[in-house]
*Asks:* 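Structure provided below as structure tokens; questions to follow.
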Amino acid sequence: MTDDKQSPEYFAQGERVGVLTDQPLDRLLDYRAPEGGCFLGAFVEVPLGPRKVIGVVWGPGSGDFDASKLRAVLRVLDLAPMRTEMRQFLERAGQYTLTPMSMMLRLATRAPGLTDPPSMRKILRRGDQDPDRMTEARARVLDVMEEYDQAAFTPSELADLAGVTTSVVKGLVKQGAIREEEAPRDLPYPSLDPDLPGKTLSADQAAAAEVLAAAVQGGRYGTTLLKGVTGSGKTEVYLEAVAACLRKGRQALVLLPEIALTAEFLKRVEARFGAVPAEWHSGVTLTERRRVWRMVGQGAAQLVIGARSSLYLPFRNLGLIIVDEEHDTSYKQEEGVLYNARDLAVWRASFCEAQVVLASATPSLETWANAEAGKYTRLDLTSRFGSSVLPDMRAVDMRSEELLPSTWISPTLKRAMAARMERGEQSLLFLNRRGFAPVTICRACGAQVACDHCDARMVEHRFLKRLMCHQCGATKPVPTECPTCKVEGKMAPVGPGIERLAEEAAALFPEARIAVLSSDLFGSARALKQRIEEIAAGEADIVLGTQLVAKGHNFPLLTLVGVIDADLGLQGSDLRAAERTFQLMRQVAGRAGRSERRGEALLQSFQPEHPVIRAILSGDEESFWRAEAEQRQAAGVPPFGRMAGIILSGSDLAQVFDLGNALARNNGPLRQVGAQLFGPAPAPIARVRGRHRVRLLVKADKGVPLQDAILRWTQPFKLRGDLRLSVDIDPQSFL
Ligand code: ADP
Ligand code: ZN
């Protein structure tokens with residue numbers, strides 16, 4: 001960006017400019033540049049009908065709009081203009097995900113108060129005068145100011161730090177001992193010091209850190225897969241890449257898959273760089289969001305720790321993006337704009353010559369294949385840090401275990417748990433099913449209780465004393481009489497959920513302290529975090545968890561992981577089922593024995609000879625990936641072929657199907673590029689919130705211009721009534 005008014009990026013007053021607004025119009029609007037002109041990328045306010053809307057100067061106007069009717073840009077906002085690389089990124093992401101640019105702009109302006117002038121607030125600094133009379137309270141205030149040398153305080157901050165009332169502070173202001181100044185409300189983030197001593201790295205950590213630091217130093221685009229088992233020190237290593245980035249004067253972004261992990265992470269960053277970085281996710285206050293957005297744009301936030309939407313922040317000089325746990329499915333946004341933040345991170349970086357680090361113990365097949373193909377560099381951390389080693393993994397063959405009806409903990413697993421109890425160590429039982437029981441059935445007629453709004457069974461939550469639909473969240477009381485046959489007292493829970501397993505564990509070990517970690521049992525991320533800390537400190541003997549526990553928490557006393565149903569993820573038609581199960585099992589097993597004690601993982605399975613279970617147990621990951629890659633290649637599916645899901649929905653099933661059939665009949669644009677079309681078929685979850693869902697699946701070869709074909713195919717169809725059509729490029733889930 002330049003200030004040069006001769007540059008082609010400058011539009012003089014009255015010149016025609018094309019403005020992208022956040023209104024759903026799907027084209028640029030022409031305006032006249034305002035008094036003083038404006039630069040390409042400027043954030044502006046423009047009149048639209050009777051309203052004022054926010055927009056960005058996207059280029060010269062197209063000229064086909066009557067010049068005499070052209071209105072002027074109202075004003076240029078007091079914000080750094082959107083950088084070229086950001087405009088390129090939004091365009092590319094919009095084209096790829098088939099998202100209108102107005103929606104893309106919304107993603108890039110998700111902060112409050114962007115049209116406001118930077119707001120001011122009162123701050124205090126040490127004045128020239130001394131107070132006429134020095135009381136103890138006054139002395140404390142002045143001491144604090146001395147101690148925090150040069151710092152500016154708000155009146156209440158200062159009073160708090162000194163342990164006095166604000167009237168003491170006001171008195172000092174009156175005396176001239178403290179000066180009042182106006183300062184922008186949004187303060188820069190404290191600067192991070194990359195040269196504070198980090199941890200002493202092991203030889204292979206240091207080698208990996210050096211490669212990453214050199215890449216960042218080079219200042220060009222590149223992507224690296226940083227692979228290492230949980231606990232191998234990936235975080236320590238990529239923090240060195242962050243240090244290199246900060247030294248170069250560029251900004252860094254660390255994406256985490258889960259908000260619950262940020263607090264712990266911020267502490268690590270503070271320990272390494274001496275200050276807390278900026279934070280961006282749905283749990284951040286509006287005031288703080290405004291501050292992050294503005295400071296990132298001014299380069300006054302060197303490091304952002306955030307969720308996937310931080311990719312749309314207006315970085316002034318982004319040099320590095322870390323995607324931690326890159327395989328995590330929560331990087332895929334499944335509502336609104338459908339995108340995968342891991343893939344977008346790579347584009348975001350390529351447009352601004354930044355480095356990307358994809359960190360994982362169990363990379364996605366996509367990333368693994370990109371590394372195999374040489375598109376990504378690959379770095380491996382082979383051992384766990386210190387003396388901790390991967391747990392011994394064994395299958396428990398459930399066909400030869402004796403279990404009472406409605407129990408799920410095998411005698412083998414029980415013995416292993418008992419041994420932990422005796423040694424004062426912790427056991428973790430993993431079951432990826434929330435609630436008490438997945439199905440409630442009538443013993444008289446066999447009917448199951450289903451959701452009234454969705455095609456989903458209701459899950460009993462005993463903790464809430466209700467049945468809940470995991471699709472739409474609807475709840476109802478557990479019926480005493482069968483809704484179908486009206487027989488009284490025959491409703492029974494079938495199958496295990498995490499709450500039911502907790503009952504079983506409590507019955508087996510009445511003296512044990514039991515903790516249940518399931519996302520629905522905690523009111524807030526803070527409550528969950530606190531519970532996790534208590535468990536880490538040893539305040540539980542048996543921990544039961546859903547997939548929540550698979551993500552990066554450290555439990556030093558944990559030496560046994562029991563996977564209740566290792567077969568669970570192997571069923572179903574999901575193309576990634578094997579990959580998911582493999583990743584999840586290894587992550588969960590990685591919870592055991594993270595400190596000095598050796599861990600053990602037991603996988604309960606009815607098919608221990610299944611290739612996925614065997615690969616998990618053997619620990620031979622490369623052969624798992626090679627086998628999985630071969631299968632996908634043969635089937636022509638991602639990452640070796642391309643796929644897109646088309647989801648049609650509406651309140652009238654016949655109408656939805658009519659549209660699906662019409663799309664299937666008129667698929668010329670797809671045939672032209674050799675793409676195959678499957679469907680229409682009811683989506684696996686065929687009704688959500690009262691809307692019927694029908695899906696079509698498009699499959700094409702890798703090199704095919706799929707988005708273009710899909711546009712030409714779907715655009716001629718007018719959507720009547722409440723019909724909706726959405727396109728999911730590279731679908732992750734097939735719901
Ligand atoms: P990962 O990100 O691969 O799971 P971490 O970086 O979180 O691994 O490291 C696991 C634990 O080991 C952390 O508590 C970390 O501080 C510690 N650790 C890793 N490497 C070192 C090192 N070189 N010196 C001291 N502690 C280390
Ligand atoms: Zn429902």
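Order of appearance sets the numbers: ligands from 1, and atoms from 1 within every ligand.
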*Asks:* Inspect the surroundings of CD in Glu210 and state if more than 12 heavy atoms from other residues, nucleotides or ligands are less than 6.0 Å away.
*Replies:* no
*Asks:* Counting heavy atoms only, which part of Leu381 comes closer than 4.0 Å to ligand 1: side chain, backbone, both or neither?
*Replies:*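 For Leu381, there is no contact with ligand 1 at all, from either part.
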*Asks:* If we ignore angles and hydrogens, is there a donor and acceptor under 3.5 Å between the side chains of Asp343 and Tyr331?
*Replies:* no
*Asks:* Out of curiosity, Ile498 CD1 to Leu544 CG, how far, rounded to the nearest 0.5 Å?
*Replies:*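 These two atoms lie 5.0 Å from each other.
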*Asks:* Could you check whether Tyr96 and Tyr339 have their ring centres less than 6.0 Å apart?
*Replies:*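 No.
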*Asks:* Can you list the ligand 1 atoms lying under 4.0 Å from a non-hydrogen atom of Gly233?
*Replies:* 1 (P), 3 (O), 5 (P), 6 (O), 8 (O), 9 (O), 19 (C)
*Asks:* Any atoms of ligand 1 less than 4.0 Å from a non-hydrogen atom of Leu201? List them with their elements.
*Replies:* 23 (N)
*Asks:* May I ask you to list the atoms of ligand 1 that are less than 4.0 angstrom from any heavy atom of Val229?
*Replies:* 3 (O)
*Asks:* Give a yes or no on whether a salt bridge exists between Lys332 and Asp728, defined as a side-chain N under 4.0 angstrom from a carboxylate O.
*Replies:*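 Between Asp728 and Lys332 there is a salt bridge, with a charged N closer than 4.0 Å to a carboxylate O.
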*Asks:* Hey, are Ser360 and Glu325 close enough side-chain-wise for a donor-acceptor pair under 3.5 Å?
*Replies:* no
*Asks:* Please state which part of Val237 comes within less than 4.0 Å of ligand 1, counting heavy atoms only: side chain, backbone, both or neither.
*Replies:* neither
*Asks:* Could you tell me which atoms of ligand 1, counted from 1 in the order shown, lie closer than 4.0 angstrom to a heavy atom of Ser232?
*Replies:*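 In order of numbering, the contacting atoms are 3 (O), 8 (O).
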*Asks:* Which bit of Lys234 gets closer than 4.0 Å to ligand 1, counting heavy atoms only: side chain, backbone, both or neither?
*Replies:* both
*Asks:* Pull out every atom of ligand 1 sitting under 4.0 Å from any heavy atom of Thr200, numbered as shown with elements.
*Replies:*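 The atoms of ligand 1 under 4.0 Å from a heavy atom of Thr200 are 22 (C), 23 (N), 24 (N).
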*Asks:* Does a side-chain N-to-carboxylate-O contact under 4.0 Å join Glu622 and Arg378?
*Replies:*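 Result for this pair is yes, salt bridge flagged.
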*Asks:* Please compare Arg272, Lys227, Glu236 and report which has the shortest non-hydrogen distance to atom 19 (C) of ligand 1.
*Replies:* Glu236
